[in-house]
Amino acid sequence: MKIICVIIAVLLVVSAAGAYVLSGVILQANRQTLEEAIAWQKDHYDISWFDGIDTDEYTVTGYEGYVLHVMLCRNPVVSDKYIIISHGHTDNRYGDLKYMKMYLDLGFNCVVYDLRGHGENERTPCTYGVKEGQDLVCLIKDTRERYGKDIRLGLHGESLGSATTVSALGSTQDVAFAVADCGFADISGVLAAGLPGPVLKLASLGAKMRCGIFLGDMRPIDALAENEVPILFIHGAEDTFILPSNSERMSTATKGYSEVRMIPGAGHAESVLKDPGLYREYVEAFLTESGALGQ
């Protein structure tokens with residue numbers, strides 16, 4: 001009996017260690033530096049316009065006191081329109097440049113920032129929208145306090161940033177609209193495509209050990225039951241990493257106005273680069289049809 005107890009104890013320790021290691025792979029992937037991110041943008045599209053943008057860098061206290069590095073990119077024309085853009089997993093605020101030019105042309109001031117665990121922020125596990133969404137709620141509040149309570153404020157997110165954007169809507173409706181690009185409805189559904197069920201359950205246990213949240217609780221779609229903020233869901237039609245059905249599910253789940261638009265030929269997080277003209281057409285039409293910005 002004593003030997004059996006020892007064997008069980010060893011198996012439990014090994015399983016716990018395995019769960020912790022597995023969750024680390026999922027929650028703590030390598031992050032790009034700011035230098036790496038800006039270099040990638042330069043290699044893939046023209047960002048020469050960014051050199052002339054007036055910027056202001058500062059920090060904002062997010063959820064549970066976590067510090068976020070933020071940058072305002074001012075529109076050359078004075079405007080009361082602001083957009084907060086949230087980047088994808090492993091990226092940082094410079095990954096938002098691919099969307100920024102469109103919004104600047106549409107008259108927005110752009111607020112970009114490093115999501116928790118990314119960029120210049122302190123390293124910490126990714127919770128796939130749970131804590132990130134609460135960080136964004138704090139940033140929304142700061143943006144209104146900093147630039148005016150009556151500004152016309154919207155959100156835009158890519159992949160993890162989309163999950164962050166959608167998750168935030170479960171706690172605040174203090175924005176005019178949201179654009180959610182290639183986001184996931186629940187992270188377990190994405191991971192299940194590549195991980196056997198028992199491995200996924202073990203990784204979920206490790207996530208609970210690391211950050212107090214099971215993978216099964218990382219479900220942006222759950223934030224939409226009472227949401228009335230208009231949302232444009234955009235997805236690459238050829239996205240095989242986060243399937244377009246995720247956007248379709250979330251569009252069905254939200255209480256308020258929503259649209260789903262697919263970009264032909266685009267893979268994951270490629271839509272705005274694959275067809276920038278069509279992308280802008282969809283965004284402009286959504287802002288008009290939803291009445292998000294009023295007159």
Side-chain angles (χ1 to χ4, degrees), residues 58-72 80-88 93 96 99 103 108-118 121 126-181 183-187 213 217-234 247 249-259 283 286-287 290-294:
Y58 51 96
T59 60
V60 171
T61 301
Y63 182 59
E64 296 179 333
Y66 186 82
V67 177
L68 304 167
H69 285 77
V70 183
M71 180 170 65
L72 170 70
D80 69 344
K81 295 192 295 186
Y82 287 75
I83 185 89
I84 300 176
I85 309 176
S86 302
H87 62 77
R93 60 184 182 266
D96 297 327
Y99 306 103
Y103 282 113
F108 286 85
N109 300 285
C110 298
V111 178
V112 297
Y113 69 108
D114 297 331
L115 273 70
R116 64 168 49 219
H118 292 74
N121 296 338
C126 175
T127 62
Y128 291 99
V130 179
K131 293 185 178 181
E132 291 82 2
Q134 293 304 310
D135 287 335
L136 181 52
V137 171
C138 294
L139 182 53
I140 290 168
K141 181 179 179 181
D142 176 88
T143 301
R144 289 206 178 276
E145 290 175 348
R146 195 178 293 264
Y147 303 116
K149 63 181 179 65
D150 295 325
I151 61 172
R152 293 182 286 175
L153 178 61
L155 306 175
H156 184 113
E158 173 193 276
S159 193
L160 171 61
S162 174
T164 297
T165 295
V166 170
S167 295
L169 298 178
S171 297
T172 183
Q173 299 282 284
D174 196 20
V175 292
F177 68 91
V179 177
D181 187 325
F184 52 86
D186 62 283
I187 194 60
I213 307 168
D217 295 327
M218 301 176 186
R219 294 173 48 85
I221 193 171
D222 291 343
L224 296 174
E226 299 301 322
N227 172 64
E228 295 186 351
V229 172
I231 307 176
L232 169 61
F233 294 97
I234 298 183
S247 286
R249 287 171 57 201
M250 288 189 286
S251 179
T252 299
T254 189
K255 184 178 180 180
Y257 179 88
S258 70
E259 299 177 9
V283 171
F286 164 71
L287 293 177
S290 68
L293 295 179

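This is a predicted model, so every value here is computed, not measured.
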task = For S171 and Q134, test the side chains for any donor-to-acceptor distance below 3.5 angstrom and give the result as yes or no.
result = yes
ask   = From T254 OG1 over to I221 CD1, what is the distance, rounded to the nearest 0.5 angstrom?
value = 10.0 Å
task = Find out whether the Lys NZ or Arg CZ of K131 is both under 6.0 angstrom from the six-membered ring centre of Y63 and within 45° of the ring's axis.
result = no
request  = Please assess D150 against D80 for the test side chain to side chain contact (heavy atoms under 4.5 Å, CB included), listing each intermediate value before the final yes or no.
outcome  = CA-CA 8 Å; D150 295 325; D80 69 344; over 6 Å; no
query = Roughly how far, to the nearest 0.5 Å, is the CZ atom of R116 from the CG atom of L160?
reply = 11.0 Å
task = Flag this pair as yes if the NZ/CZ of R93 is under 6.0 angstrom from the six-membered ring centre of Y113 and inside a 45 degree cone about the axis; otherwise no.
result = no
ask   = Are K255 and E226 ion-paired here, with the side-chain N under 4.0 Å from a carboxylate O?
value = yes
query = Between I234 and S247, is any pair of side-chain heavy atoms under 4.5 Å apart?
reply = no
query = Just how far is it from atom CG of D114 to atom CG of D135, taken to the nearest 0.5 Å?
reply = 11.5 Å
message = Please find the pair of heavy atoms, one from L136 and one from A168, that lie closest to each other, and give the distance.
response = CD2-CB, 3.8 Å
key: Minimum heavy-atom distance T61-C138, with the two atoms named   = O-CB, 3.6 Å
key: Minimum heavy-atom distance between F184 and S159, given as atom pair plus value   = CE2-O, 4.4 Å
remark   = Tightest non-hydrogen contact, residues D96 and S86, listed as OD1-C, 3.7 Å
message = Just so I know, are the side chains of V70 and T59 near enough to count as touching, which here means a heavy-atom distance under 4.5 Å?
response = no
task = Would you give the length of the straight line joining atom CG of D174 to atom NZ of K141, rounded to the nearest 0.5 angstrom?
result = 10.5 Å
query = Does some side-chain heavy atom of L155 sit less than 4.5 Å from a side-chain heavy atom of I140?
reply = yes
Between T127 and E132: side-chain donor-acceptor atoms closer than 3.5 Å = yes
task = Find out whether T143 and L72 are in side-chain contact, i.e. whether some heavy atom of one side chain is under 4.5 Å from a heavy atom of the other.
result = no
Working for side chain to side chain contact (heavy atoms under 4.5 Å, CB included), residues I151 and R144 = CA-CA 7 Å; I151 61 172; R144 289 206 178 276; 3.6 Å; yes
ask   = Strictly by modelled atom types, are H69 and N121 linked by a side-chain donor-acceptor pair under 3.5 Å?
value = yes
key: Contacts of H156 that satisfy side chain to side chain donor-acceptor pair (under 3.5 Å) - sequence neighbours left out   = Y103, Y279
task = Report the C-alpha distance between T164 and L115 in whole Å, list the side-chain angles of each, state the deciding distance to 0.1 Å, and finish with yes or no for side chain to side chain contact (heavy atoms under 4.5 Å, CB included).
result = CA-CA 9 Å; T164 297; L115 273 70; 3.4 Å; yes
task = Would you mind reporting whether D142 and Y58 have side-chain heavy atoms less than 4.5 Å apart?
result = yes
query = What distance do C110 atom SG and I85 atom CD1 have between them, rounded to the nearest 0.5 Å?
reply = 4.5 Å
task = Report yes if the side chains of L287 and F177 come closer than 4.5 Å at any heavy-atom pair, otherwise no.
result = yes
Side-chain heavy atoms of K81 within contact of L153, under 4.5 Å = no
ask   = Quick one: ring-ring contact (aromatic ring centres under 6.0 Å, His included) pairs with a partner in residues 130-154, sequence neighbours left out?
value = Y82-Y147
key: For the student: nearest non-hydrogen atoms of A180 and V166, plus distance   = CB-CG2, 4.1 Å
ask   = Looking only at heavy atoms, which two atoms of S167 and G129 are closest? And how far apart?
value = CB-O, 3.2 Å
query = Just checking, is any N or O donor in the side chain of S162 or D181 under 3.5 Å from an acceptor N or O on the other one?
reply = no
note = When rounded to the nearest 0.5 Å, the distance separating SG of C126 from NE2 of H118 is 5.5 Å
task = With the side chain counted from C-beta on, respond yes when F233 and E259 share a heavy-atom pair under 4.5 Å apart, and no when they do not.
result = no
request  = Quick one: do R249 and D186 satisfy salt bridge (charged side-chain N to carboxylate O under 4.0 Å, His left out)? Show the steps, please.
outcome  = CA-CA 10 Å; R249 287 171 57 201; D186 62 283; 3.2 Å; yes
